[in-house]
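Right, one structure below, let's go through it.
Residue numbering restarts at 1 for every chain, and letters A, B, ... go by the order of the sequence lines.
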Number of protein chains: 2
Amino acid sequence: MSFTDNGKDTATRILDAAEVLFVEHGFEATSLRMITQRAAVNLAAVNYHFGSKEVLFQGVISRRLAPYNQECIEELRQALIDAPHGLSVDSIVAAYLRPAIRLAKDPARGGIIFIRLMSRVFAEPHDSLRDMLPRLYSDVLEAYRAALVKALPHLGSHEVSWRLQFAMGTIFYAFAGNDVARLLSQNNVPGARDPQEIVKHLVPFVVAGLTAPNRPA
Amino acid sequence: MSFTDNGKDTATRILDAAEVLFVEHGFEATSLRMITQRAAVNLAAVNYHFGSKEVLFQGVISRRLAPYNQECIEELRQALIDAPHGLSVDSIVAAYLRPAIRLAKDPARGGIIFIRLMSRVFAEPHDSLRDMLPRLYSDVLEAYRAALVKALPHLGSHEVSWRLQFAMGTIFYAFAGNDVARLLSQNNVPGARDPQEIVKHLVPFVVAGLTAPNRPA
DNA sequence: CCACAAATCAAACGATTGTTTGAAACATAC
DNA sequence: GTATGTTTCAAACAATCGTTTGATTTGTGG
């Protein structure tokens, strides 16, 4: 466990390299040789420290996701303290996105790269994560769902679930960085990759969607 | 070109099998041997008929996408004939989703499987499609963007682009079938996989997002 | 029937994959 | 210094990948 080369040990260097490459090429298209080369470690180090490529992938996710989800729950808890009689939809969405902005600005915790990875994993959960993700995510989803049910009492429980699903999709997709906008011939939207800029336009959209009338004409 | 085994020739059988497998496992994780086995054709048939795995992938996409996009444009054109003075946001969203519902109900054109593939390709465009997708999609996006700009005159052009991007993301994500809802411990939402049911809840959400006030408090 | 092109087939190609091996290098404790 | 356990390393492992080959079968037109 001595810090030889860099300031980081071998396992961490592997995690860092894998994080970037997984988000760039996906799980299958990223080889262990690409990872170990970028991390400047021996090829066998992956299987020595993690056991397999799949476990490495789970390690990349869980290293960041568990603390991040905890932060999301804490953010909502704090907001509820200040407003014990229930939060507005606006406050709920803002609370959910605040940790994302903080994380995006903090390269030490993965920054925008991990957010992109998270979005992609969520949009296309790999087999090796199908059992892990629900366990990691269910607490956060349930907390925010409960807050939304309180904020939208005129909607049925099922309808809130529908809209929460849509809202999550919108948010993940917006952060995934795949740029539907780039397909538009005209107008390169300025700041399309800046998380803070994304959130500025995203919040009104999501809030309006969540608070839409129950059955429009 | 004689129809030997089934009612379909070899190239079509390969396309059908690849379509299902690509949606199920992704591009990299789907081997040619899986495809040819499912299609009940010889392994070499893929390279004989298509040239390479990448070209096959492009073939799977373009076979369905080009006619579908044409249908989306035609749907908007028809709606504009009935309302030459401009469409409501509601009508625009409905027009865009109508071809998707028709396609989802038509297994002969790929049905829900192809819609899922389309959503995933859009969320995570493979390298071999990065040049193809913009060309196939730009016409549709530009047509609907123009309609939205007319329907939302109080918004700037950039803001419309932002919201169109969010709306596309919401729609694709909703159809991708990855079920954020399944992560929720409570309440299995009924009909979560039925396209018609999805659209019923999706339209109000997207319309509200698109028509949100410019700068909420 | 024959000639010619199209399509199918089993088999093998070289390359790359994740993983394992066993020795060498390192660290720590006595 | 010696012993012990941990980590690194070059090399090889079997398996699978996409692709190619060359012979064989099939279909078509004269």
Side-chain angles (χ1 to χ4, degrees), chain A residues 1-63 121 126-130 132, chain B residues 1-63 121 126-130 132:
Chain A
M1 195 71 71
S2 75
F3 297 74
T4 57
D5 245 327
N6 202 330
K8 296 173 176 178
D9 66 3
T10 300
T12 304
R13 295 236 300 284
I14 291 174
L15 286 172
D16 290 343
E19 188 173 59
V20 175
L21 291 172
F22 281 150
V23 88
E24 201 164 338
H25 306 99
F27 176 77
E28 312 278 357
T30 302
S31 72
L32 293 185
R33 283 164 181 84
M34 295 164 64
I35 295 172
T36 54
Q37 183 175 342
R38 178 180 243 267
V41 302
N42 187 270
L43 169 62
V46 171
N47 284 278
Y48 176 78
H49 285 282
F50 295 94
S52 73
K53 186 186 178 186
E54 288 215 343
V55 176
L56 167 62
F57 190 33
Q58 296 174 13
V60 168
I61 301 295
S62 60
R63 166 175 73 148
V121 159
H126 196 261
D127 288 336
S128 64
L129 297 179
R130 283 213 214 283
M132 195 179 91
Chain B
M1 195 69 72
S2 73
F3 297 75
T4 57
D5 246 328
N6 202 329
K8 295 173 176 176
D9 67 1
T10 301
T12 303
R13 296 236 299 284
I14 291 174
L15 286 172
D16 290 343
E19 189 172 58
V20 174
L21 291 172
F22 282 150
V23 107
E24 202 163 338
H25 306 100
F27 176 77
E28 313 277 359
T30 302
S31 71
L32 293 185
R33 284 164 181 83
M34 294 164 64
I35 295 172
T36 53
Q37 184 174 342
R38 177 180 244 269
V41 301
N42 187 271
L43 169 62
V46 170
N47 283 278
Y48 176 78
H49 285 282
F50 295 94
S52 73
K53 186 186 179 185
E54 289 214 344
V55 177
L56 167 63
F57 190 34
Q58 296 175 11
V60 169
I61 301 295
S62 61
R63 167 176 70 149
V121 159
H126 196 261
D127 290 335
S128 63
L129 297 179
R130 284 213 212 283
M132 194 178 91

Partner residues of A/Gln37 under the side-chain hydrogen bond (donor to acceptor under 3.5 Å, both in side chains) criterion, sequence neighbours left out | none
Enumerate the residue pairs fulfilling ring pair (Phe, Tyr, Trp, His ring centres under 6.0 Å) with a member in residues 29-56 of chain B, sequence neighbours excluded, ordered by first and then second residue.
-> none
Please list, chain by chain and in numerical order, all residues satisfying side-chain hydrogen bond (donor to acceptor under 3.5 Å, both in side chains) with A/Glu54, sequence neighbours excluded.
-> none
Indicate whether OP1 or OP2 belonging to C/dT8 is found under 4.0 Å from a side-chain N or O atom of B/Thr10.
-> yes
Rounded off to whole Å, could you give me the CD-to-P distance for the B/Gln37 and C/dA10 pair?
-> 13 Å
Those residues that, when tested against B/Thr12, pass side-chain hydrogen bond (donor to acceptor under 3.5 Å, both in side chains) (two or more places apart) = B/Asp9
What pairs with A/Val41 under side chain to side chain contact (heavy atoms under 4.5 Å, CB included), at least two apart in sequence or on another chain?
-> A/Thr10, A/Arg13, A/Ile14, A/Thr36, A/Ala39, A/Ala45
Contact letters for nucleotides 13-24 of chain D, in which S counts primed atoms plus P, OP1 and OP2 and B counts the base, heavy atoms under 4.0 Å = ----BBBBB---
Is the distance from OP1 or OP2 of D/dT6 to the nearest side-chain N or O of A/His49 less than 4.0 Å?
-> no
